[in-house]
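Notes follow the structure.
Throughout, a chain's letter reflects where its sequence line sits, starting with A, and its residues are numbered from 1. Since we're looking at a predicted model, the values are computed, not measured.
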Amino acid sequence: MAGLKRTHLCGKLSLQNLDEEVVLMGWVHRRRDHGGLIFIDLRDRYGIVQIVFNPDLAGQAFSKAEEVRNEYVLAVKGKVTARPSGTINPNLTTGEIEIYATDLKILNKAKTPPFYISDDVEVDETIRLKYRYLDLRRTEMQKSLILRHKTTKAIRDFLDKHNFLEIETPMLTKSSPEGARDYLVPSRVNPGEFYALPQSPQLFKQILMVAGMDRYFQIARCFRDEDLRADRQPEFTQLDMEISFSDRETIITLVEEMMQYIFKETLNLDLSIPFPRLTYYEAMERFGSDKPDLRFKMELVDISDLVKSCNFKVFQSALATGGKVKGINAEGCGNYPRRQIDDLTKLAISCGSKGLAWIALTDEGLKSPIAKFLTEEELNNIIKKMGGKQGDLLLFVADSPSVVATVLGHLRLEFGKRLNLINPEEFNFSWIIDFPLLEWDPEEKRYVAIHHPFTAPLEADLDLLESEPDRVRAQAYDLVLNGVELGGGSIRIHNRSIQEKMFKLLGLTKEQSLEKFGYLLEAFEYGTPPHGGIAFGLDRMIMLMARKDTIRDVIAFPKTQSASDLMTQAPSPVEPKQLKELHIKLDIVTKKSSDVN
RNA sequence: GGCCCCGUAGCUUAGUGGUUUAAAGCGCCUGCCUGUCACGCAGGAGAUCGUCGGUUCAAAUCCGAUCGGGGUCGCCA
């Protein structure tokens, strides 16, 4: 390095280093040229320190400093000096000192960056992603990646203390039915055959339990070829765990202690445990979501019994077909203009509702298009049950229980944001338990697993498995943080015949289950311990901890919504030779040619 | 696949009921400046308004298509 060796870090210097001769290396954060005196803020990962170039003390270094520009990479030799009184900068951790440069080496020049390396400029994400190496120089981004590192370190430390083994599982594995679309990798040595990248290490970790590993974890990359969202990337990271001889309580308690440890180690926050638990049914009934944001109340109110004999046909027909009528009270929104209520109706319809009934308790009295169908008594009972008072807006949805829940759940969140009911500082954890095991898929005309096909039913519900599959509850649990599903897990089936029964319920033939999962079924016959586990979306967790709105901000090199990497330009076409080796012929239907057809 | 939003100097934005030279701040370049720290002062360069097509005497502005980015529904066991 031009004959110099770094002795100190820019951000770590203080009055304690007074009069020391130091060699620093870093990037030019800013340069202030006063003509006869030059200041350079030198930046490394640890912070910023001010270098002073004075022609009277070091003429050569000074003249070299004149040609320096932002983001040049420098090696600076100099002496740590206390700043003259009145020039202390309280905004810098190193603000009490400065370095009097005696020697300057330009290690590398830099083009003027396309955007400022600074946290207070909002730059278009396209440019940030294209020049990710510049974006990642910003302290805000470095803070996120440091938090990520600290979190995974805390996880490893905690789990190591609790006898977990970190074990890697294959990335090239077997495509399985159920679940998300697989990313496929062609096998050159087995023409026409494909590996799948793992959607999660689920089966491998269960096999590791069969193998007697007792406690396993992995910080595992997972792949799902589905559409992207702010909190969904095609490749993402799971904290995956599995424990033998465990029941639900063991796992829930361990996870609570782990979260407490992680938040203490990384954010120095004390989480109070145990976390509250809600059953799936309760969460849907009260909050209209299986991942309710419990940072605010605004619960759903069931008014079905209050309107069971009213004259409003929409309510009547919903009730007659086994549905419900429920509402929420948007407090203080009673004077919304009609247009705003229409917008809410649109939102409701986009969530699957047929419409939105409302009662506005305006300053000029009650306004409601449905009032004429209700008796005075019915109206009063509804308002009373919903805690309505002057200035409130009561919104109602009548439909099947699941539609009612979805629609009101969305409206509830909308008002939570709109009315600032959410404390952004809060970390609100909760467990959702007793999920249904199965769900009828009308499109595929079969049951699908709500969690996954390896989840064990609640023992109390085992008898229902064949008679009433949709009433069977699962030994599954989700951890929810601030309305985001952080992770989910279950106690697994560890018995071949129950697992086969499960596959059968999911519509797999015996041949299919053997072809896809035969190794698991066989393993189950060689002494499988009861076991269970959980997996967390690490990106989401760190996003919440860093108070970001997208996991892209806590992933070093994320992809765009169209699953491309703007820096490397992946994905991209490959050489015909590569395809030939893989025995792959392309069959691309372009939009234009399909229009012609 | 559906719906919605965005695209103007390097960056952030203004300008859009259709008219001549597209405006500003920051950045960049040059000069001056020995205590600044988002240094200051003076001057300068820099944009065929994402792309293609249409309407029009005239388009950054209106229309259509397309590309790119984002949000969301579907999808995500």
Side-chain angles (χ1 to χ4, degrees), chain A residues 29-42 48-57 62 69-71 81 83-92 94-95 98 100 111-131 134 176-182 199-200 202-203 222-234 236 346-347 349-352 406 410 414 435 437-439 441 443-444 446-455 474 476 485 488 490 502-503 506 508 516 535 537 549-550 552 559-562 564 566 591-592 595:
Chain A
H29 190 64
R30 285 208 172 83
R31 188 183 74 116
R32 291 176 294 280
D33 185 345
H34 288 234
L37 195 63
I38 295 173
F39 300 97
I40 284 178
D41 292 341
L42 197 66
I48 287 171
V49 69
Q50 173 165 280
I51 321 283
V52 186
F53 292 88
N54 188 324
D56 306 334
L57 301 173
F62 177 85
R69 293 293 179 270
N70 279 352
E71 299 308 313
T81 316
R83 291 199 186 194
S85 63
T87 67
I88 285 170
N89 184 350
N91 300 321
L92 280 185
T94 61
E98 58 194 1
Y100 274 67
K111 285 167 74 172
T112 302
F115 54 88
Y116 226 144
I117 312 299
S118 157
D119 287 335
D120 37 66
V121 188
E122 274 300 309
V123 183
D124 188 82
E125 204 176 355
T126 314
I127 301 165
R128 290 176 52 203
L129 290 177
K130 181 174 175 192
Y131 299 96
L134 298 179
S176 70
E178 303 285 308
R181 198 175 291 116
D182 281 321
Q199 295 181 26
S200 85
Q202 182 62 32
L203 294 179
C222 302
F223 304 84
R224 295 180 187 175
D225 187 4
E226 299 291 350
D227 285 353
L228 290 85
R229 289 284 189 284
D231 63 352
R232 271 164 37 188
Q233 285 270 308
F236 62 101
K346 272 185 213 156
L347 176 66
I349 288 171
S350 78
C351 298
T406 309
H410 273 92
E414 174 63 23
F435 278 80
L437 184 69
L438 301 161
E439 187 181 38
D441 184 332
E443 258 181 40
E444 298 204 33
R446 64 177 184 95
Y447 285 104
V448 293
I450 287 194
H451 189 55
H452 57 52
F454 317 103
T455 299
E485 184 196 325
S490 61
M502 188 67 188
F503 287 148
L506 296 172
L508 287 177
K516 297 296 180 185
D549 295 320
T550 161
R552 293 190 299 276
K559 294 186 175 52
T560 67
Q561 198 162 73
S562 49
S564 51
L566 295 180
K591 223 175 194 176
K592 265 185 185 157
D595 284 349

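If you check every strand for non-hydrogen atoms under 4.0 Å, A:Glu122 touches sugar and phosphate atoms only. Residue-level contact check: A:Thr455 touches neither bases nor backbone, having no heavy atom under 4.0 Å from any strand. Among the heavy atoms of the strands, none lies under 4.0 Å from A:Leu129. In this structure, A:Phe435 reaches neither bases nor backbone, as no heavy-atom distance under 4.0 Å exists between it and the strands shown. Within the nucleic acid shown, A:Pro114 comes within 4.0 Å of sugar-phosphate atoms alone, with no base atom in reach, counting heavy atoms only. Note on A:Glu444: nothing from the nucleic acid sits closer than 4.0 angstrom, heavy atoms only. Base contact: A:Asp56 has a heavy atom under 4.0 Å from a base atom. A:Thr560 comes within 4.0 angstrom of the backbone, heavy atoms only, and of no base. Nucleic acid contact for A:Leu506: none, since no nucleic acid atom lies under 4.0 Å from a heavy atom of the residue. Heavy atoms of A:Pro113 sit nowhere under 4.0 angstrom from any nucleic acid atom. A:Leu566 comes within contact range of the sugar-phosphate backbone alone, with a heavy-atom separation under 4.0 Å but no base atom that close. No contact: A:Ser85 has no heavy atom under 4.0 Å from any strand.
Pair assignment for B:U30 gives B:A42, based on Watson-Crick or G-U wobble hydrogen-bonding distances that are each under 3.5 Å. Of the nucleotides present, B:G54 is the one that pairs with B:C62 by Watson-Crick or G-U wobble criteria, both distances under 3.5 Å. Applying the Watson-Crick and G-U wobble criteria (two distances, each under 3.5 Å), B:C49 pairs with nothing in any strand. In a base pair of the Watson-Crick type (N1 to N3 plus N6-O4 or O6-N4) or a G-U wobble (N1-O2 and O6-N3), with each distance short of 3.5 Å, B:G7 is matched with B:C67.
Annotation: B:C33 and B:U48 have their P atoms spaced 37 Å apart (nearest Å). Rounded to whole Å, the separation between the P atoms of B:C6 and B:U61 comes to 14 Å. Spacing between B:U66 and B:U30 at atom P, rounded to whole Å, works out to 46 Å. With both ends at atom P, the span from B:A9 to B:G50 equals 8 Å, rounded to whole Å. A distance of about 32 Å separates the C1' atoms of B:G10 and B:U34, rounded to the whole Å. B:U8 and B:C49 have their C1' atoms separated by 4 Å, with the value rounded to a whole Å. Taking atom C1' in both B:A45 and B:G7, the straight-line distance is 25 Å, to the nearest Å. Taking atom C1' on both nucleotides, B:G53 is separated from B:C67 by 14 Å, rounded to a whole Å.
Residue A:Gly36 is the one, among A:Gly36 and A:Asp227, whose nearest nucleotide of RNA chain B lies closer to the 5' end (criterion: closest heavy atom). Between A:Gly179 and A:Gly86, the residue anchored closer to the 5' end of RNA chain B is A:Gly86, taking for each the nucleotide with the nearest heavy atom.
Note on A:Ser118: every side-chain N or O is 4.0 Å or more away from OP1 and OP2 of B:C11. At B:C37, none of the side-chain N or O atoms of A:Arg83 fall inside 4.0 Å of OP1 or OP2 (strictly under the cut-off). Within the 4.0 Å cut-off from OP1 or OP2 of B:G70, not a single side-chain nitrogen or oxygen of A:Arg128 is found. Contact between the side-chain N/O atoms of A:Gln199 and the OP1/OP2 oxygens of B:C76 is not found at any separation under 4.0 Å. Of the side-chain N and O atoms in A:Ser350, none sit less than 4.0 angstrom from OP1 or OP2 of B:C73. Between A:Ser562 and B:G69, a side-chain N or O to OP1/OP2 separation shorter than 4.0 Å is present.
Distances were taken from every side-chain heavy atom of A:Phe39 (C-beta onward) to each of B:C37, B:G70, B:U36; the shortest belongs to B:U36. Here the nucleotide nearest the side chain of A:Ile127, chosen from B:G35, B:C28, B:C11, is B:C11.
For the pair A:Glu71 CD and B:G27 P, the computed distance is 14 Å after rounding to whole Å. Computed from coordinates, the A:Gln561 CD to B:G71 P distance equals 5 Å when rounded to whole Å. The distance between atom CD of A:Gln233 and atom C1' of B:G70, rounded to the nearest whole Å, is 13 Å. Between A:Asn70 atom CG and B:G27 atom C1' the separation is 9 Å, expressed in whole Å. Between the P atom of B:C37 and the CD1 atom of A:Ile88 lies a distance of 15 Å, rounded to the nearest Å. Rounded to whole Å, the distance from CD1 on A:Ile450 to P on B:C75 is 13 Å. For the pair A:Phe53 CZ and B:C37 P, the computed distance is 18 Å after rounding to whole Å. When rounded to the nearest whole Å, the span between CZ of A:Arg229 and C1' of B:C75 equals 7 Å.
Side chain of A:Gln233 to main chain of A:Lys559: a donor-acceptor pair is present (N/O by atom type, distance under 3.5 Å, no hydrogens or angles). Side-chain N or O atoms of A:Arg83 include one that pairs as donor or acceptor with a backbone N or O of A:Gly95 at under 3.5 Å. A:Gln199 places a side-chain N or O within donor-acceptor distance of the main-chain N or O of A:Ala180, the cut-off being under 3.5 Å. Side-chain N or O atoms of A:Arg31 include none that pairs as donor or acceptor with a backbone N or O of A:Arg69 at under 3.5 Å.
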Query - Derivation of the salt bridge (Lys or Arg N to Asp or Glu O under 4.0 Å) call for A:Glu444 and A:Arg446 - result: CA-CA 6 Å; A:Glu444 298 204 33; A:Arg446 64 177 184 95; 3.1 Å; yes
Report task. Begin with the C-alpha distance, continue with both residues' side-chain angles, and end with the deciding distance and a verdict on salt bridge (Lys or Arg N to Asp or Glu O under 4.0 Å) for A:Asp41 and A:Arg32. Result -> CA-CA 8 Å; A:Asp41 292 341; A:Arg32 291 176 294 280; 2.9 Å; yes
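Under the rule for a side-chain contact (heavy atoms from CB on, under 4.5 Å), the partners of A:His452 that lie at least two apart in sequence or sit in another chain are A:Gln202, A:Phe454, A:Thr455, A:Ser490, A:Arg492. For A:Lys130, there are no side chain to side chain donor-acceptor pair (under 3.5 Å) partners, not counting sequence neighbours.
A:Phe115 does not qualify as a stacking partner of the B:C11 base, lacking a centre-to-centre distance under 5.5 Å together with planes within 30°.
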Report summary line: Its contact letters, B for base, S for sugar-phosphate only and - for none at protein heavy atoms under 4.0 Å, make nucleotides 38-52 of chain B read SB-------------
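With a 4.5 Å cut-off on side-chain heavy atoms, A:Glu178 and A:Lys516 do not count as touching. When side chains are defined from C-beta on, A:Asn54 counts as touching A:Leu37, because their heavy atoms get closer than 4.5 Å.
The base of B:G7 is not paired with the side chain of A:Asp124 by any donor and acceptor separated by under 3.5 Å. For A:Arg224 against B:C76, a side-chain-to-base donor-acceptor contact under 3.5 Å is absent. For a distance-only test at 3.5 Å, the side chain of A:Glu125 fails to qualify as a donor-acceptor partner of the base of B:G68.
Ion pair A:Arg232/A:Glu226 not flagged as a salt bridge, since none of the NZ, NE, NH1 or NH2 atoms sits closer than 4.0 Å to an Asp/Glu carboxylate oxygen.
Relative to the six-membered ring of A:Phe39, A:Arg30 misses at least one condition, a distance below 6.0 Å or an angle of at most 45° to the axis.
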